[in-house]
Amino acid sequence: MFKALRASLALLAAFTLLLGLLYPAAVWLIAQTAFSHEANGSLISYQGKIIGSALIGQNFTGERYFWPRPSASGEKPYAFSTAGASNLNPANPALIDRVREHIAVLSNAHETQSGTIPADLVTASGSGLDPHISPAAALYQAGRVATARNISLERIHALIKAHTENKTLGMIGERRVNVLLLNLALDRASGDRP
Amino acid sequence: MNKSAPMTSLRFSPQDLIAPIKLALLRLSPLHQIRNPVMFVVYVSAILTLIDALTAFRNTEHSTFGFTLVVSLILWFTVLFANFAESYAEGRGKAQAASLRQARSDIMAQKLEDPANKQLYQVVPASTLRQDDCVYVSAGQFIPADGQVIEGAASVDESAITGESAPVIRESGGDRDAVTGGTRVLSDWLVIKVMANAGESYLDKMIAMVEGAKRQKTPNEIALGLLLAAMTLIFLLSCATLLPFSLYNVRQTLSAAPPVSLTVLIALLVCLAPTTISGLLSAIGIAGMNRLMQANVIATSGRAVEAAGDINVLLLDKTGTITLGNRQAVAFFAAEGVAPIQLVKAALLSSLADETPEGRSIIELARMSYGQTPPSKADDMIFIPFSADTRISGVTQGDRTILKGAGDAIEAHILKEGGTVPPSLRGQIETIARQGGTPLMVAQGARALGVIHLKDIVKKGIKERLASLRAMGIKSVMVTGDNPLTAAAIAAEAGVDDFIAQATPETKLTYIRKRQEGGEMVAMVGDGTNDAPALAQADVAVAMNSGTQAAKEAANMVDRDSDPTKLIEVVEIGKQLLMTRGSLTTFSLANDIAKYFAIIPAVFMAAYPAFGGLNIMGLATPHSAILSALLFNALIIIALIPVAMRGVAYRPIGAGQLLRRNLLIYGLGGMIAPFIGIKLIDMAIALIMNGVAHV
Amino acid sequence: MSFLSLPFAWWAQLALFFVILLVAMRPFGLYMARVFSGERTFLTPLMQPIENVLYKLGRIDPHEEMDWKTYTVSVLMFSIIGGLALFLFLLYQPFPDISADLALNIAASFVTNTNWQSYAPETTLTTTSQMIGLAVQNFLSAAVGFAVLIAFLRGLARDSSKTLGNFWSDLVKGVLYLLLPLSFFFALFLVTQGVVQTFGEASVVSPLDPTASQIIATGPVASQVAIKQLGTNGGGFFTVNAAHPFENPTPLSSFFQMLAILLIPAASAVCFGAMTRRHGDGRALLWAMFLFLIPLALVSLMAEHQANPLLKALGVDPALGNMEGKEMRFGVFGSTLWASLTTATSSGSTNAALDSFMPLAGLIPLLFIHFGEVVFGGIGSGLCGLFVYVFLTVFMAGLMIGRSPEYLGKKIGIFDMKMVSLIVLIPAFLTLGGTALAVMTQAGQNGAGNPAEQGFSEILYALSSASHNNGSAFGGIKSNTPFYNILLGLCMLLGRFGVITAFLALAGSMAAKKSTPASAGTLDTTSPLFIGLLVGVIAIISVLTFIPALSLGPVAAHFHLMAAGGLG
C-alpha cells in the first residue's frame, strides 16, 4: 500500500512535468517556429489591423456584406466566450419559431429570391463560430450585396466562385464559402473600408 | 439378456401426474421458492398482482380488477408450472431409484461382534450398519450393504442391480471382493466388511441427486444460475425504472394518457425474465441423472457427469473393450521340413484338453481350413495344463510329447532338449508379433514343428465408435500389457489415437498426470484394485460393477453393466445435460424479442399511437397482447418439459456444426415460435372476449 | 429511407476512412504487443533512459510481477492520487467561480477517462489548469485503461500464472512508447491545419463590419486536442469541443481526428491477437466491432441525411440535411459519422450538437453507449468490455455444444460469471438508477433543457454517458448543478473503477487457469457463426436492458416529430 502510494506520487509528479509542461512546450516550440501563422490563430490583417481569424466566423449584419449563419452564442452572436450551439431538438417549438423569424428577416432582405432558403442560413452551427456558409447561401445573398455595393452581379458571382472551397480529395467535407474572406475580398475589390 | 434395460419406461400415464402436482402445490412455500431467484421474482410478482387485484376489487374498479386478477392467475400458474417441472422430473428419478432402494430397506443383517468368530452375531436392521462393521451372510440371504469380502467365497446373484442373470463369484482377496447391497448370496457364505454408512452408499448418493432439494448443483449450473439471476436483476431494473420514466414523460408531454401501471410493469418483467430456463433448470439436472440411471450407471457426483462432456482423452483397456476378450488362431506356419498337416495335427492334439477360447479357436481353425476333426481323447493321453509359470501346455501320449506355448518358452524347452529353432521360424514369430498377433510355437520333443498365429480380434463397430469420439474431440488411448510392437499394430487396426503398452499402474498414472498437465481432461475405465490410483487421478473414472471395492471407491461412477464402452454413453449424457441447459437458455432469451414486440406497443400505445406500428403481430388490444405474452410465457414451460426430460439430442458432429444446428433450432426457433404462439393465444382470447361480449 | 439514397461521396469517404484505419492499425497493434512484451523497439534507445529515471523516482522495480489484487490496488491508488491532486488543483486555481462539486465532477471526469464537461472551459479554467491538470490526466487515464487491458491480455495469454505483470511499468510504457510520441506528431499535424498552440494573449479584432467585433482567445490547444483524441478522452479545450474551429479547423483535421480516435482501440485487437498468438481471435473481435459500427453509423447517416420535416415545411431547402448544430465545413456526413465514432469509442468528443440530431440519429450514439462501450470503446477498457461479452457468448455457445464453456482454452467458471455479471450490471444499474433518481427529483428535472421527450433523453444520455465513461452529451442539459455534478461524478467513478476492479479480478482468474488444447469438440471462436452470435448477444442484452427507456426517449421523440411533421 505504502509502496503504491510512493510510486503514485512520484509518477504523478514526474508525469505532470513531462506531459503537462515539457510536451506542450515542445509542440509549442516547433509550431511557433514552423507554423507560426496557424499556431497563433490564422489571424488576418487588413490595412495594418487584425480583422479576425480565417477560421472564426464573425457576425456580419450590414447590407454590404454577406451574412454568416445564425449563431447561438447567447446575447452576442459569434462571441468567443459564450460560443455554443442552440441544442434545440428538431421538434422544439423554440427552434421552429427561431427559424421562422430568420426566414422572415431573410425573405425581407432578399425580396428577389423566391425559392427555398438554404438550410445553413437558418440553422445555427455547433460552435456558434462557423466561418462558412454553403455556396448556395452565398448565391442567395449575391443580389442583395450587389445592389448594396452597386457592383455587377457577375462580379459577385465570380468572387463567390473564387472563394468557394472544394471538398478535400473531392470527397471529404462540404463545399463552402468563408464569409470573412469573401467579405474582405469584397472590401478589397471596392477598395474601401467603412 | 438386456444389458441396459431401463428400470422404468418413459411412457406417460395420468397417475404419474398426481403426485408431482401435489408436490408442485406444496412447493409454493416461500422457503422453497427463494432457492430459485428468477422464479422467486415471479412468485413475488404473483403476490403483488394479487394484492393489486384485491385492492381494485375493494375500490370497485371492475375493469382493472378483472385484468389484474387474470395477470395474477397466470403468474401463479407460471410458478406452479415450474414447480411441476421439477417435481415431475424428481418423481421419475425417484421411481427409478425406488426399486433399488426397496431391495434393501427390509434387509436384516447378521452383524459380527468379532470378524474372526462367525458364530457370534447379532441380527440388526441393515439401515443401522456403519462403515467397518462386519456382517456374515449365508446362502439365500441378501447382502445388507456395499462392502468388501474379507473371508469366504460364494456365488452371488446380482441381477437386481445389473440385470445380468448369471450368478457371479465373490471371494476375499483379489479382484472379486466387492459386493453391492441388495444382491443375494446363492451358495456358500461370506464375511463382509461394510464400506459405507447407511445412507452414504453409491445408491444413496445417486438417489440424492434426483431429489431437487438435496441435489448438489454442478459448477456450470451454478454459473448459469448466476447469469440468469443477473439478467433478471437487469430486467427488474429496466422495468422498475420505467415507472418514474413514464411518470416524468407523461408530465413533460402533458399527455392525457395514464402512466404505466404496476400490473403492466410486472407483466413486462416476468415476460423478459428468463423464466423458461429457470423454471426448467432443476428438472434438466434431475433428468440428466435419470438418463444416467437408465444407462445403468451410478454416479456419485453430478460434477463428474458434467465433466464427462469435457473429456479430451479417454483411456480404454484393450482387452474386452477394443478387442474381444480372447485371441483366435488365424493361421498355421509349419517349420522347414515339416508338412503343414503334421503341424495341424500336433496342434490339434495339444489343444484337446485346452478349454480356453484360444485352444478352442485352434481346433476350429484346424477344422475349417484343413478339414481336420479332432481325435477323441484317449486314456493314455496325459495333458499338461497351462501354467503361468511355464507358459506352456501340451499332451504326452506314450513317448511323444507335444508342447505349445509362448515362443521364448518353447524355445527354451527345445534348447534344453538339445534341439534348435530354425531361423526362418524365428523370423515368422517376429512377423506375427509385429502384426499385433501372438505367436504360439508347437514342438514335438526337441523339434520345432511350427507356429500358430493367434490374433487379437478387434470388436465390430469399435472403429466407428472411436471415430465418433474423435469427432467429439475426444482422443482414445488404448491401455494394454502387450509389448509396444503388438500394441501399435492393434492400435492401428482399431483406430485409436495413442496407446500405452506394457502398462503398469504407474505408467497409467503417469500418463494421466502428463495429459492433465497439458490441460486435458482424462476419463478412464477400470476394474482392478491396481487401477485405483489411476481412477482416482482421472477426471472421470468409471468402475465396473464387477470390479473391486477399491476401484469403485476411487471412481466417481460405477457402471452396473460392467460395459467398458459405457463411458461413451456417459460422455453423451454429460454433453446432453449442458446442451439442454444452453439451448433452453438461448430459447428463453430469443423469446424476449417477440415478447417485446407484443408488450412495448401495448405499454406505450396510449401515449404514442405510433408505437402501434411495432404491433407487427396485430394483437387485438393492449390487454390481450399482455395476457397473450404472459400466457405464452407460462405455457412454454409446460411445453418444454418433454425436451427437458429427454434432453437435447447430441450428435457426434463437430462443435461448429452442433452449434449451428442448435442455434437454428433453439435460437432462430426461439425467436419465431413466440410470434406464432402469442398470436394464436391472442386470437383465442379475442374470440373468448367476443363470446363474452355477445352473451 | 434507404442506404442507396446516400451520396456517392459519403460511401467513398467511408471506404477511404476504414481502409486507412485497417492499414494503420496492424503495424500499431504489433508494435504495442512488442512494447508490452518487453521487447526492444525503435523507441527503446530514446525512452529507456526516461523510463529508468521514472522507475528510480518511484522506487519501482519494473520486473516485479503483481497478482491481480496488487495490480488493482496500484491502479486505484494511482487514480485516487491523480484525482485528488486534480481536485485540489482545480479548487485552488486562480479562477473564482469553481464550486467544490464542480471541481469534484471535473476531477472524476478526467481521472476516469470520461471527460464529461458540465462547465465552460473558457470561463471556468485557466490555461494552466487545462494544460497541467486536465491534459496530464488525459494521458494518464488513458494509460491506466490501457494497462488494465494489457494485464487482461496477459491473463488470457498466461498459463497457470498468479500474476499479471507490473502496473507501473505498463503505465509508464503506455505513456512513453505509445501516447506521447503519437500525440506529439499528431499535435504538429493539427497545427498545420490551423489548430492553435500558443501562450500568447487574446487578440481584439478590428472588424470590417462594426457589428462583428470579437475577442479571439487561444491557448495550447493542439497539444491537448491530440491526446484528447488518441486517448479516447474527448474533453474539449473549448466548450463546443471539436466543433470549435480552433480545435478542428478543416475537414481534413476532422477526418484524421476520427482516425486518431479509433486507432488505438482498433490496434488493441491486433495487439491481443499478437500477445496471445491468436490472430484469428483478434480478427474475430474486429469483425464484431465493425459489424456494429458500420451499419449503425449508416442508419444515423440516413436519419441525418433527411432534413427536419418541420423546417422543410417552412420552406427551408432540405438538400443539406439536418444542419442545426452542425458546422458547414463538416456537413451532415462529417458530423454524423463523428458522432457514431466518438460514442462507439468512449471518446465522447463532439463536433456537432447531438441534442439537435434527428431523434433516430440521436438514438444511435445512445445505443453505442448502451452496448457498454465495447464497440472499440475506450482505450483498454473497450476491449476488456468486449471480452466480457465474449465470455457471455462463449458461455451460452459452450453449453449449446455440450462442453464446459472455455475461451482460448480457459474454462469460464463460477467466479468468472460473477465478475461478468457485475461488469454488465454496474453501468446498467448506474444508468437506469441514476436516471430514475434524476427524473424523480426536482433538482434532476431542472436539468432538462429541451421540452417533452427530449428532456428525458438528455437526462438519460447524461447518466448513460457518465456511467459508461463516454463523456458526450445532449448538450441542452443544464448539468452544472450540485445535484448533477455529484450524481454524475459518482456514476463516472463507480462506472470506471468498479468495472476495472472486476476486469482485473477476471484477468487474475483467467491467468490462474490452465489452458486446454483445442480439439474437434472445441468451440471455434473465430468462425463467422461465433462472430454472429457475439454480435447477437451484445445486441440482445443491451437492447433488452435499455429498450423501455429508449422507447420513452428518442423513439418517442421520433414518433412525435413524425406526427408533427405530418409524416406519421
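Chain identifiers are assigned alphabetically (A, B, ...) following the order of the sequence lines, protein sequences preceding nucleic acid strands; residue numbering begins at 1 within each chain.
What you find for C:Val175 and A:Phe15 is that their closest heavy atoms are CG1-CE2, 3.7 Å. Between A:Ala39 and C:Val191, the closest heavy-atom pair is CB-CG1, 4.0 Å. Scanning all heavy atoms of the two residues, the minimum distance from C:Ile132 to A:Gly20 falls at CG2-O, 3.2 Å. The shortest non-hydrogen separation linking A:Ala91 to C:Leu310 is CA-CD1, 3.8 Å. Taking both residues in full, the closest heavy atoms of A:Leu55 and C:Pro249 are given as CD1-CB, 3.7 Å, listed atom of the first, atom of the second, then distance. Looking at every heavy atom in both residues, A:Ala119 comes nearest to C:Val316 through CA-CG1, 3.5 Å.
Side-chain contact between A:Ile50 and C:Ser206 is absent, with no heavy-atom pair separated by less than 4.5 Å. Side-chain contact between A:Asn40 and C:Val196 is absent, with no heavy atoms from C-beta onward closer than 4.5 Å. Under the 4.5 Å side-chain criterion, counting only non-hydrogen atoms from C-beta, C:Glu247 is not in contact with A:Ser127. Using a 4.5 Å heavy-atom cutoff, the side chains of A:Pro118 and C:Leu320 are not in contact.
Here A:Leu88 is the residue among A:Leu88, A:Asp120, A:Val99 with the most heavy-atom pairs under 4.5 Å with chain C. Annotation: maximal heavy-atom pairing with chain A below 4.5 Å, among C:Phe185, C:Phe333, C:Phe184, occurs at C:Phe184. In terms of non-hydrogen atom pairs under 4.5 Å with chain A, the most contact-rich of C:Leu54, C:Thr239, C:Thr218 is C:Leu54. Interface remark: of the candidates C:Ser254, C:Gly325, C:Ala353, C:Ala226, C:Gly325 forms the most heavy-atom pairs closer than 4.5 Å to chain A. Of the listed residues (A:Leu121, A:Ile172, A:Val177, A:Leu18), the greatest number of heavy-atom pairs within a distance under 4.5 Å of chain C belongs to A:Ile172. No other option in A:His37, A:Arg175, A:Arg100, A:His132 has as many heavy-atom pairs under 4.5 Å with chain C as A:His132. Considering only heavy-atom pairs separated by less than 4.5 Å from chain A, the leading option among C:Trp168, C:Phe199, C:Phe474 is C:Trp168. The residue among C:Met131, C:Gln193, C:Glu458 with the most heavy atom pairs within less than 4.5 Å of chain A is C:Met131. Considering only heavy-atom pairs separated by less than 4.5 Å from chain C, the leading option among A:Thr16, A:Leu180, A:Asn183, A:Val122 is A:Thr16. Most heavy-atom pairs under 4.5 Å with chain A, from the set C:Val73, C:Thr123, C:Ile215: that is C:Ile215.
Note: C:Asp317 CG to A:Ser134 OG = 8.5 Å, rounded to the nearest 0.5 Å. Taking CG of C:Leu208 as the start and NZ of A:Lys49 as the end, the distance is 11.0 Å to the nearest 0.5 Å. Distance CG/C:Leu311 to OG1/A:Thr116: 12.5 Å, rounded to 0.5 Å. We find the CH2-OG1 distance between A:Trp67 and C:Thr211 to be 10.5 Å, quoted to the nearest 0.5 Å. Within the model, atoms CG of C:Leu140 and CG of A:Leu19 stand 6.0 Å from one another, a figure rounded to the nearest 0.5 Å.
With a 4.5 angstrom heavy-atom cutoff, C:Gln137 touches chain A only via side-chain atoms. For chain A, no part of C:Val221 is nearby; none of its heavy atoms comes within less than 4.5 Å. For C:Ala85, the part sitting under 4.5 Å from any heavy atom of chain A is the side chain, from C-beta outward, and nothing else. A:Ser42 touches chain C through its side chain: at least one heavy atom from C-beta onward sits under 4.5 Å away, while N, CA, C and O do not. For C:Val195, the part lying near chain A is the backbone, with the side chain staying farther off; criterion is any non-hydrogen pair under 4.5 Å. Contacts of C:Phe357 with chain A are made by backbone atoms alone, with heavy-atom separations under 4.5 Å and no side-chain atom involved. The part of A:Ile103 that comes within reach of chain C is its side chain, from C-beta onward, which places non-hydrogen atoms under 4.5 angstrom from that chain. There is no contact between C:Ala120 and chain A, counting heavy-atom distances below 4.5 Å. Heavy atoms of C:Leu16 lying under 4.5 Å from chain A belong exclusively to its side chain. With a 4.5 Å cut-off on non-hydrogen atoms, C:Ser457 does not touch chain A at all. Looking at A:Pro77, neither its backbone nor its side chain comes within 4.5 Å of chain C, counting heavy atoms on both sides. Only the side chain of C:Leu176 comes within contact range of chain A, with at least one heavy atom under 4.5 Å from a heavy atom of that chain. Proximity to chain C (any heavy atom under 4.5 Å) is shown, for A:Leu17, by neither the backbone nor the side chain.
Looking at C:Gln214, its side chain does come within 3.5 Å of a backbone N or O of A:Gly57 through a donor-acceptor pair. Side-chain atoms of A:Asn87 come within 3.5 Å of backbone atoms of C:Gly475 as a donor-acceptor pair (strictly under, hydrogens ignored). The backbone N or O of C:Gln454 lies less than 3.5 Å from no partner atom in the side chain of A:Asn89, so there is not a single donor-acceptor pair. Although no hydrogens or angles enter the test, the distance criterion places a donor-acceptor pair under 3.5 Å between the side chain of A:Tyr23 and the main chain of C:Ser223. Without hydrogens or angle criteria, A:Gln58 side chain to C:Pro207 main chain gives no donor-acceptor distance under 3.5 Å. The backbone N or O of A:Pro90 lies less than 3.5 Å from a partner atom in the side chain of C:Asn308, making a donor-acceptor pair. At least one donor-acceptor pair closer than 3.5 Å links the side chain of C:Glu324 to the backbone N or O of A:Ala124.
Residue C:Trp10 qualifies as enclosed at atom CH2: its count of foreign heavy atoms under 6.0 Å is above 12.
Looking at A:Asn92 and C:Asn450, their side chains do bring a donor and an acceptor atom within 3.5 Å of each other. Side-chain contact, A:Glu38 with C:Thr192: no donor N or O sits under 3.5 Å from an acceptor N or O.
Of all residues in residues 162-169 of chain A, those placing a non-hydrogen atom less than 4.5 angstrom from a non-hydrogen atom of chain C are A:Lys167, A:Thr168, A:Leu169. Interface residues of residues 1-14 of chain A toward chain C, defined by a heavy-atom distance below 4.5 Å and sorted by number: A:Met1, A:Lys3, A:Ala4, A:Leu5, A:Arg6, A:Ala7, A:Ser8, A:Leu9, A:Ala10, A:Leu11, A:Leu12, A:Ala14.
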Using salt bridge (Lys or Arg N to Asp or Glu O under 4.0 Å), reason through A:Arg176 and C:Glu327 one step at a time and then give a plain yes or no.
CA-CA 10 Å; A:Arg176 59 205 183 274; C:Glu327 300 290 294; over 6 Å; no

Using the side chain to side chain contact (heavy atoms under 4.5 Å, CB included) rule, take A:Gln32 and C:Gln197 through it: C-alpha gap first, then chi angles, then the decisive distance, then the call.
CA-CA 8 Å; A:Gln32 289 294 333; C:Gln197 179 75 6; 5.6 Å; no

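For the pair A:Glu174 and C:Lys326, the salt-bridge criterion is not met [side-chain N within less than 4.0 Å of a carboxylate O].
Taking the six-membered ring for Trp and thresholds of 30 and 60 degrees, A:Phe80 and C:Phe246 have ring planes inclined between 30 and 60 degrees apart.
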